[in-house]
Amino acid sequence: MSNNKGKLIVISGPSGTGKGTVISKILKAKPEFAFSVSATTRKPRPKETHGVEYLFIPKKEFKEMISNDEFLEYAEYVGEYYGTPSKYIKDCINSGKTVLLDIEVQGAKQVMERMPEAETIFITAPDMKELEKRLRGRKTDSEEKLIARLARARQELKEKKHYKHTVINDEASRAADEIIKIIDRKD
Ligand code: ADP
Ligand code: 5GP
């Protein structure tokens with residue numbers, strides 16, 4: 001166990017901006033960083049694996065975890081629940097590991113309140129047109145869900161001002177490098 005506390009890095013921003021893509025690039029460049037695997041009630045996408053992208057759990061189990069106070073934060077997003085299990089975060093911080101969270105804005109707000117020392121980064125696409133193109137290109141959502149995600153994105157963009165940093169994901173490798181610099185700057 002290290003004497004140095006690990007850092008909590010909150011990466012947020014609208015769905016489809018490329019958070020997941022940028023985070024995979026960061027983790028490739030910095031394998032010593034940890035990723036917080038969230039729990040969700042959403043159904044897995046074809047290439048997703050339980051325990052890797054998410055812990056895919058039924059609503060009943062999610063609600064039990066809420067009752068047992070097992071989440072650092074949780075939120076409802078487009079009809080499903082998403083939450084960050086506290087234990088893994090606590091373990092990372094106590095063992096000196098930098099841990100990355102990929103969460104939406106309501107959850108990020110809860111983390112800012114509970115852990116104001118967290119580094120907070122808001123990722124955007126260059127513009128709304130590009131965001132829609134990315135969401136459509138991903139082909140993971142029904143038209144109804146896609147429209148709901150875009151509507152949500154317009155609201156979420158208003159939260160940008162509460163973050164310590166904003167990064168435009170124009171090119172994923174460049175955005176990943178910019179975030180790594182932000183994280184390393186604080187050492
Ligand atoms: P999020 O995790 O924010 O929902 P994803 O990482 O799933 O977003 O990215 C959404 C889609 O946009 C994916 O199809 C991904 O390949 C694509 N994408 C991500 N970053 C870029 C980029 N910089 N330029 C073009 N397309 C991108
Ligand atoms: P998706 O369904 O596209 O994987 O995720 C939808 C949204 O939920 C994304 O904005 C993603 O960042 C967010 N999300 C993922 N995990 C969590 C979590 O644990 N808590 C919160 N609040 N949001 C999450």
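Just so you know, these numbers use all the heavy atoms, side chains as well, and skip hydrogens, waters and symmetry mates. Whatever order the structure lists ligands and atoms in, that order sets their numbers, starting from 1.
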* Asked: Which of the atoms of ligand 1 are close to Ser15, meaning less than 4.0 Å from one of its heavy atoms?
  -> 4 (O)
* Closest non-hydrogen protein atom to atom 3 (O) of ligand 1, residue and atom name please, with distance? -> Lys19 N, 2.8 Å
* Structure fact -> In this structure, atom 15 (C) of ligand 1 is nearest to the protein heavy atom Thr21 OG1, 3.6 Å
* Structure fact -> The protein heavy atom nearest to atom 7 (O) of ligand 1 is Arg138 NH1, 2.8 Å
* Listed partners of Phe35 passing ring-ring contact (aromatic ring centres under 6.0 Å, His included), at least two apart -> none
* Structure fact -> Restricting to heavy atoms, the pick from Gly13, Ala153, Gly18, Ser24 nearest atom 9 (O) of ligand 1 would be Gly18
* Should the pair Arg136-Glu143 be classified as a salt bridge under the 4.0 Å nitrogen-to-oxygen rule? -> yes
* Under a 4.0 Å N-O cut-off, is there an ion pair linking Glu48 with Arg42? -> yes
* **Gly137 N/O to ligand 1 N/O under 3.5 Å** => no
* To do: Pull out every atom of ligand 1 sitting under 4.0 Å from any heavy atom of Glu171, numbered as shown with elements.
  => 23 (N)
* Tell me: protein heavy atom nearest atom 25 (C) of ligand 1, and distance? -> Arg134 NE, 3.5 Å
* Asked: So, is Asp170 polar-close to ligand 1, with some N/O to N/O distance under 3.5 Å?
  -> yes
* Asked: Partners of Tyr88 by ring-ring contact (aromatic ring centres under 6.0 Å, His included), sequence neighbours excluded?
  -> none
